[in-house]
Amino acid sequence: MEWKKSHRLYKRACELIPGGVNSPVRAFRAVGGNPVFIDRAKGSKIYDVDGNAYIDYVLSWGPLILGHSHPKVVNSLKKAAEKGTSYGAPTPLEIELAELVLKVYPSMDKIRMVNSGTEATMSAIRVARGFTGRDKIIKFEGCYHGHADGLLVKAGSGATTFGVPDSPGVPKSYAKNTITLPFNDTAALHSVIKNEWKSVACVIIEPVVGNIGCVLPKPGFLESLRKLTKKFGIVLIFDEVMTGFRVAFGGAQAYYGIRPDMTCLGKVIGGGLPVGAYGGKKEIMSMVSPEGPVYQAGTLSGNPLAMTAGIETLRILSGKNIYKKLESTGALLEEGLADAARKAGVKTRFYRAGTMFCTYFTDTDVIDYKTAKTSDTARFSRFFSAIIKRGIYIAPSQFEAGFISLAHTEKDIEKTVKAAYESLVEIK
Ligand SMILES: *Cc1c(COP(=O)(O)O)cnc(C)c1O
């Protein structure tokens, strides 16, 4: 496989854009290579500028649950674009997407559209603070909630990969209001809430942690979290930007049967266009401007193209047996990869929630940030180099979740498992 054009473009990009990329995780720094520049994508496949084809497990980092360039989404977008790309005034599309989402997420009475996951979490926290009149927030180590100040504390993903858990430029006075706890540690949560509850506005959590790979909540952990926050009047925010419409149609809250007070969405609800959303109970959301005093706004929020892609995506996802199919593709990959690792004699741990998953190169059960970090990242880098050569595109970091789409076929999975086996043997 050759990457001549990609390398040339990367050199040029580096002179113009910091690190040559518009989001740090896209660079291949963690695996010691240069990023592949993309020309186009269709279904489960992505094609680079040198003409190489890959089966894609990044899927734009989560949004493309239908696969790339779904004909229905593309056709609706073409029609929508001809009617105008933005009006800065309300449209029926916003109502339609809001209704589609609220029907499936009964924990939310009202929802506000924004342009990214970062905006969603940042705004939800402001609302929770306004609602409670308290300043502190609790988050969990390794959970990523976007790049807002105060949330970039032990924030997983790019931050973990690059070993800068606390970014320069975040004032200490902001980070001071962020309490960080280990994921899955009910005892620590209990003791902190008992001591600090008077100043805690909210707890924000990724119910399945997708930004240090894929870490599942232990039975009882989310239930305890729900009970404790309710008891002490703390707003519980589920950050379902990644898990929403992904681990189940109704997100992790449906999957685990927990009702948070607020929910953040993004990724899938934009169908590949820039969208985020936050919502919650009526009494909390009535705090949001212009209904209430908490200010939050956006020039392009509720953008007609973004709403159209979201509506079309959710409509398709609401079809019969869609999540059954996604689950069976996920299970097939899980079985195949476990088998490949066993045959190759490489110790791994594999975790999956629906169509998000991660293989860790460790012999330790991964339950939180600390145990995720036991993974052998040098070995992961070698695995990455070996498998991309075989036409399989995975995230260039150990600490990212992989994703499967509706477009992934049994044949894709077979090819992937074969490539994984060969790669594991090569790097052993
Ligand atoms: C991706 C992600 C975000 C940030 O969303 P952006 O659209 O990248 O700003 C926030 N929270 C979680 C859980 C995410 O996975």
Side-chain angles (χ1 to χ4, degrees), residues 21-27 57-65 105 112-126 128 137-161 167 178 180 183 202-217 222 236-248 251-253 255-256 260 262-279 296 298 300-301 303 306 309-310 313 353-358 369 372 395 397 399-403:
V21 290
N22 278 313
S23 193
V25 289
R26 293 178 200 171
Y57 290 95
V58 180
L59 296 171
S60 191
W61 305 87
L64 300 171
I65 195 164
Y105 289 74
R112 171 61 68 81
M113 295 294 163
V114 293
N115 303 290
S116 68
T118 294
E119 253 189 90
T121 56
M122 186 180 87
S123 310
I125 286 170
R126 184 181 303 141
I137 67 172
I138 294 178
K139 76 178 283 292
F140 296 90
E141 284 171 23
C143 284
Y144 178 67
H145 303 293
H147 65 88
D149 289 344
L151 284 170
L152 276 181
V153 182
K154 302 200 174 161
S157 197
T160 299
T161 301
S167 172
T178 306
T180 317
F183 190 77
C202 63
V203 176
I204 185 163
I205 188 166
E206 284 183 79
V208 175
V209 194
N211 284 287
I212 42 170
C214 182
V215 179
L216 308 175
L222 295 174
L236 176 58
I237 306 173
F238 268 18
D239 179 355
E240 298 228 44
V241 170
M242 188 184 288
T243 54
F245 295 98
R246 169 61 70 184
V247 303
Q253 50 196 275
Y255 195 80
Y256 294 106
M262 296 186 82
T263 300
C264 299
L265 293 168
K267 298 192 170 123
V268 171
I269 61 156
L273 271 80
V275 180
Y278 67 97
Q296 185 272 311
L300 292 171
S301 293
N303 172 270
T313 299
T355 46
M356 62 187 266
F357 64 91
C358 183
Y369 179 75
S397 161
F399 303 108
E400 301 289 351
F403 301 102

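All ligand and atom numbering here is 1-based and tracks the order in the structure.
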### Query
So, for L151 and H145, which heavy atoms are closest and what is the spacing to 0.1 Å?
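Looking at all heavy atoms of both residues, the closest pair is CD1-O, 3.7 Å.
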### Message
Could you check whether any side-chain heavy atom of V208 comes within less than 4.5 Å of a side-chain heavy atom of Y256, counting everything from C-beta outward?
### Response
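Yes, side chains in contact.
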### Task
Decide yes or no for E206 and F183: does some side-chain heavy atom of the first lie under 4.5 Å from some side-chain heavy atom of the second?
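They are not in side-chain contact.
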#### Entry: Within the 6.0 Å centroid threshold, strictly below: F245 and Y105
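Yes, the ring of F245 comes within the 6.0 Å limit of the ring of Y105, centre to centre.
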### Message
Heavy-atom contacts with ligand 1 below 4.0 Å: which residues, ordered by chain and residue number?
### Response
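Within 4.0 Å of ligand 1, protein side: S116, G117, T118, Y144, H145, G146, E206, N211, D239, V241, M242, K267.
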### Query
What is the distance from atom OG of S116 to atom NE2 of H147, rounded to the nearest 0.5 Å?
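Nearest 0.5 Å value for the OG-NE2 distance: 6.5 Å.
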### Message
I'd like to know if the side chain of T121 reaches the main chain of G146, judged simply by a donor and an acceptor atom lying under 3.5 Å from each other, with no hydrogens or angles considered.
### Response
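No, because the side chain of T121 does not come within donor-acceptor range (under 3.5 Å) of the backbone of G146.
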